[in-house]
S.K.: 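Here you go, one structure.
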2 protein chains.
Amino acid sequence: MKAIPQFIRHSLLYGGSLALLVMLLKWMQWKFLILDHSTEIYVGMVAVFFTLLGIWMARQLTRQKVETIIVEKEVIVESAQERNEEAIKKLGLSARETEVLELIAKGNSNAEIAAQLFLSLSTVKTHVSNLFVKMDVKSRTQAAEKAKRLKIIS
Amino acid sequence: MKAIPQFIRHSLLYGGSLALLVMLLKWMQWKFLILDHSTEIYVGMVAVFFTLLGIWMARQLTRQKVETIIVEKEVIVESAQERNEEAIKKLGLSARETEVLELIAKGNSNAEIAAQLFLSLSTVKTHVSNLFVKMDVKSRTQAAEKAKRLKIIS
DNA sequence: AAACCACTCATACTTTAGTACCAAATTCGA
DNA sequence: TCGAATTTGGTACTAAAGTATGAGTGGTTT
């Protein structure tokens with residue numbers, strides 16, 4: 001669609017306008033040269049015409065020249081942060097320990113955790129004890145509080 | 001600073017330019033009228049001059065064309081919701097019980113709660129037991145979880 | 001005043017949590 | 001493939017949590 005480049009179109013238009021003007025000029029010479037001070041009138045017309053032509057050209061050339069101002073609009077978003085893997089790594093929690101921690105934070109007892117994970121109560125207790133050492137807490141409630149504070153649990 | 005309105009400035013400039021042009025024109029009449037075809041040269045100069053003037057005017061007039069792009073920027077905001085008094089009332093928790101619940105949710109043991117509230121361990125145990133009945137839970141960890149879920153605690 | 005409720009404290013008891021120490025099987029990276 | 005870490009499980013014990021019951025005090029409501 002954009003076969004003809006813009007500068008060529010402009011050149012043609014300008015050239016055409018000039019040619020037309022020269023013709024007009026020749027005709028005016030015939031018509032007004034006999035009159036005194038006719039040159040001023042005719043130069044004034046030329047001036048007006050070319051001023052308009054200049055304005056039109058400039059508008060064509062600067063039409064795309066648009067200054068863009070980027071305004072940042074703040075949008076409030078709830079902090080939907082995902083599981084904090086970094087905290088888990090920092091504490092050195094193993095996969096099983098993390099599972100147990102999640103169930104603790106949900107309010108499960110050791111027996112319930114054992115049942116859900118198909119483990120013996122002993123195993124759960126071992127995990128819980130190791131968990132407390134790694135998390136530097138002294139009870140499951142503290143562990144749950146810390147887990148939620150560190151966003152380890154959902 | 002912007003004492004002179006733009007359209008007045010433009011009018012003065014344009015008027016000045018016209019006056020200058022007329023003077024130039026008069027001088028050129030003296031100089032070139034004796035020569036044949038001199039009119040064409042001088043009209044051409046006028047044309048070029050006024051074309052340039054038109055371009056300049058158009059640029060002045062269209063300089064303020066500004067496009068504003070609004071970019072939405074996400075801002076993470078912590079949900080700072082206040083204490084849920086409604087939930088406390090619905091559960092029928094007393095003032096003392098709510099105090100105890102908060103300390104439980106922070107991971108305190110019964111002994112620590114007793115020390116902080118200047119109560120005996122027995123009293124704390126009584127509060128905790130009543131709390132569990134009212135909240136329909138079976139352990140302090142469950143109570144803490146429910147309290148946080150119902151936004152009773154901070 | 002009687003009834004009611006919140007708060008306090010106690011004793012006795014059961015259950016669960018938590019600690020310590022051990023040990024075997026498995027997994028996994030160096 | 002060797003060793004470290006993980007996972008699993010056990011016993012024995014202590015500490016804490018939780019339940020049940022009772023009781024005294026102070027304040028409010030009916």
Side-chain angles (χ1 to χ4, degrees), chain A residues 83-150 152-153, chain B residues 83-150 152-153:
Chain A
R83 192 187 254 58
N84 193 347
E85 300 287 349
E86 205 178 322
I88 293 172
K89 217 177 267 181
K90 200 171 287 176
L91 293 174
L93 303 188
S94 70
R96 213 50 162 166
E97 284 163 354
T98 307
E99 273 185 289
V100 172
L101 177 57
E102 281 189 45
L103 293 175
I104 284 177
K106 283 176 184 164
N108 293 101
S109 69
N110 288 342
E112 289 167 339
I113 294 171
Q116 286 181 52
L117 300 182
F118 304 104
L119 295 176
S120 77
L121 183 59
S122 300
T123 307
V124 175
K125 282 189 173 188
T126 307
H127 285 316
V128 171
S129 266
N130 295 334
L131 210 39
F132 291 176
V133 173
K134 288 183 180 178
M135 293 182 77
D136 191 31
V137 296
K138 286 194 174 59
S139 73
R140 63 206 297 103
T141 319
Q142 280 180 25
E145 191 274 334
K146 192 162 188 173
K148 287 184 184 179
R149 188 153 40 80
L150 298 180
I152 290 173
I153 51 93
Chain B
R83 191 187 253 58
N84 193 349
E85 300 287 349
E86 205 178 321
I88 294 173
K89 217 179 265 179
K90 199 170 285 174
L91 293 175
L93 304 187
S94 69
R96 210 52 160 164
E97 282 162 357
T98 308
E99 274 186 288
V100 172
L101 177 57
E102 281 189 46
L103 293 175
I104 283 176
K106 282 176 185 164
N108 293 101
S109 68
N110 288 342
E112 289 168 340
I113 295 171
Q116 285 180 52
L117 301 181
F118 303 106
L119 296 175
S120 77
L121 181 59
S122 300
T123 307
V124 175
K125 282 189 173 187
T126 306
H127 285 316
V128 170
S129 267
N130 295 333
L131 211 39
F132 291 176
V133 173
K134 289 184 180 176
M135 294 182 77
D136 191 31
V137 295
K138 286 193 173 62
S139 73
R140 62 206 296 106
T141 319
Q142 279 181 24
E145 191 276 333
K146 192 162 188 172
K148 286 184 184 178
R149 190 153 38 81
L150 298 180
I152 289 173
I153 50 91

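Every chain is numbered from 1 and lettered A, B, ... according to where its sequence line falls, protein lines coming before strand lines.
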S.K.: What is the distance from CD1 of Ile104(A) to C1' of dA17(C), rounded to the nearest Å?
M.R.: 10 Å
S.K.: Can you tell me the distance, in whole Å, between the CZ atom of Phe118(B) and the P atom of dC7(C)?
M.R.: 17 Å
S.K.: How many Å lie between CG on Asn130(B) and C1' on dT19(D), as a whole number?
M.R.: 11 Å
S.K.: Tell me what Leu121(B) touches on the nucleic acid: a base, only sugar-phosphate, or nothing, going by heavy atoms under 4.0 Å.
M.R.: nothing
S.K.: May I ask you to list the residues of residues 136-145 of chain A, by number, that have any heavy atom positioned under 4.0 Å from an atom of DNA chain D?
M.R.: none
S.K.: Could you give me the CA-CA distance, side-chain angles and deciding distance for Leu91(B) and Ile152(B), then say whether side chain to side chain contact (heavy atoms under 4.5 Å, CB included) is met?
M.R.: CA-CA 11 Å; Leu91(B) 293 175; Ile152(B) 289 173; 3.9 Å; yes
S.K.: Take Glu99(A) and Leu103(A) through the test side chain to side chain contact (heavy atoms under 4.5 Å, CB included) and record every step on the way to the result.
M.R.: CA-CA 7 Å; Glu99(A) 273 185 289; Leu103(A) 293 175; 5.7 Å; no
S.K.: Rounded to whole angstrom units, what separation is found between the CG atom of Leu131(A) and the C1' atom of dA20(C)?
M.R.: 17 Å
S.K.: Which nucleotide sits closest to the side chain of Thr126(B): dT19(C), dA10(C), dG9(D)?
M.R.: dA10(C)
S.K.: Tell me whether Lys89(B) is salt-bridged to Glu85(B), with the criterion being a basic N under 4.0 Å from an acidic carboxylate O.
M.R.: no
S.K.: To the side chain of Ser94(A), which of dT7(D), dC9(C), dC7(C) is closest?
M.R.: dT7(D)
S.K.: List the atom of Lys138(A), the atom of Gln142(A), and the distance in Å for their closest heavy-atom pair.
M.R.: N-OE1, 3.1 Å
S.K.: The side chain of Ser122(B) is closest to which nucleotide in this list: dC7(C), dT11(C), dG18(C)?
M.R.: dT11(C)
S.K.: According to a strict under-4.0 Å criterion, is His127(A) in side-chain N/O contact with OP1 or OP2 of dT8(D)?
M.R.: yes
S.K.: Give a yes/no answer on whether the side chain of Asn110(A) brings an N or O atom under 4.0 Å of OP1 or OP2 in dT16(C).
M.R.: no
S.K.: When the distance from CD of Glu97(B) to C1' of dG18(D) is rounded to whole Å, what number comes out?
M.R.: 16 Å
S.K.: Take Asn108(A) and Ser120(B), find for each the nucleotide of DNA chain C with the closest heavy atom, and name the residue whose nucleotide sits nearer the 5' end.
M.R.: Ser120(B)
S.K.: Taking all atoms of both residues into account, what is the closest heavy-atom pair of Thr141(B) and Arg140(A), and its distance?
M.R.: OG1-CG, 3.5 Å
S.K.: For Lys146(B) and Met135(B), which heavy atoms make the closest approach, and how far apart are they?
M.R.: NZ-O, 3.0 Å
S.K.: Could you give the CZ-to-C1' distance, from Phe132(A) to dG18(C), as a whole number of Å?
M.R.: 7 Å
S.K.: What is the distance, rounded to the nearest whole Å, between atom CD1 of Ile113(A) and atom C1' of dG9(D)?
M.R.: 16 Å
S.K.: Of all the heavy-atom pairs spanning Val100(B) and Ile113(B), show the shortest one and how long it is.
M.R.: O-CD1, 4.1 Å
S.K.: Please check this pair: side chain of Lys134(A) against backbone of Gly92(A), looking for a donor-acceptor N/O pair closer than 3.5 Å.
M.R.: yes
S.K.: I want to verify a distance call: between dG10(D), dA10(C), dT19(C), whose nearest atom is closest to the Lys125(A) side chain?
M.R.: dT19(C)
S.K.: Hey, does Ser109(B) reach any base, or is it just sugar-phosphate, or nothing, if we go heavy atoms under 4.0 Å?
M.R.: sugar-phosphate
S.K.: By the 4.0 Å heavy-atom rule, please label Ser129(A) as base, sugar-phosphate, or nothing.
M.R.: base
S.K.: Roughly, in whole Å, what's the span from CG in Leu117(A) to P in dG9(D)?
M.R.: 10 Å
